[in-house]
Amino acid sequence: MYVLYFFNPLRYAFYPPCLFKKITTLDCPGCGSARALHSVLHGNILKAADYNLLVVLFMPVVICGLLYFCTGRGERLWRALNKPLLYFLIICTFFILRNINIYPFTFLSAGK
């Protein structure tokens with residue numbers, strides 16, 4: 001997180017490029033994640049959503065999971081949120097929709 005906070009992926013070239021995008025020119029579900037996390041760490045949630053909406057939407061789930069695994073507290077909440085099949089379907093749907101080049105789906109593409 002230190003690196004993402006202090007080194008903006010838009011300005012530093014040491015972040016690896018998305019190989020899927022290089023080969024297919026399509027946005028994978030993770031495209032824009034580094035830029036989104038950088039924006040979240042700086043408190044800019046709207047810009048983060050522009051880069052990758054899934055990062056913003058899944059942040060509460062990830063935070064609850066981390067709290068549960070690090071502290072052992074909140075087991076009931078984690079059990080309610082722990083739905084891997086549902087998340088897989090959401091990620092697959094997001095992957096398909098973000099590559100449709102028709103309004104309003106163009107808002108899901110990895111922002112520039």
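Note that the structure is a prediction, hence the values are computed from the model and not measured. Values reported hereafter were calculated over all heavy atoms of this structure, with side chains retained and with hydrogens, waters and symmetry mates removed.
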Student: Which distance, rounded to the nearest 0.5 Å, do you find between the CG of Leu26 and the NZ of Lys21?
Tutor: 8.5 Å

Student: To check you understand the geometry: which heavy-atom pair defines the closest contact between Asn52 and Pro29, and what is its length?
Tutor: ND2-O, 2.8 Å

Student: Minimum heavy-atom separation for Ala36 and Ala48, please, with both atom names.
Tutor: O-CB, 3.4 Å

Student: Extract all donor-acceptor atom pairs below 3.5 Å that involve side chains of residues 53-69 and protein atoms in other chains or at least two apart in sequence.
Tutor:
none

Student: Do any side-chain atoms of residues 2-14 form donor-acceptor pairs under 3.5 angstrom with protein atoms, and if so which ones, sequence neighbours left out?
Tutor:
{"residue": "Asn8", "atom": "OD1", "partner": "Leu10", "partner atom": "N", "Å": "2.9"}

Student: Could you tell me the separation between the CG atom of Leu86 and the CD1 atom of Ile91, rounded to the nearest 0.5 Å?
Tutor: 9.5 Å

Student: Sequence neighbours excluded, which residues qualify as side-chain contact (heavy atoms from CB on, under 4.5 Å) partners of Leu46?
Tutor: Asn44

Student: Quick one: CD1 on Ile90 to CG on Leu85, what's the gap to the nearest 0.5 Å?
Tutor: 10.0 Å

Student: Could you pull out all residues at least two apart from Phe20 that satisfy ring-ring contact (aromatic ring centres under 6.0 Å, His included)?
Tutor: Phe95

Student: According to salt bridge (charged side-chain N to carboxylate O under 4.0 Å, His left out), who are the partners of Arg79, at least two apart in sequence or on a separate chain?
Tutor: Glu75

Student: So, taking the atom named NZ in Lys47 and the one named CZ in Arg35, what distance separates them when rounded to the nearest 0.5 Å?
Tutor: 9.0 Å

Student: Name all pairs fulfilling the side chain to side chain donor-acceptor pair (under 3.5 Å) condition that reach into residues 84-104, sequence neighbours left out, sorted by first residue then second.
Tutor: none

Student: Could you give the distance from CG (Asp50) to CZ (Phe107), rounded to the nearest 0.5 Å?
Tutor: 9.0 Å

Student: Among all residues two or more places apart in sequence or in another chain, which pass the ring-ring contact (aromatic ring centres under 6.0 Å, His included) test with Phe94?
Tutor: none

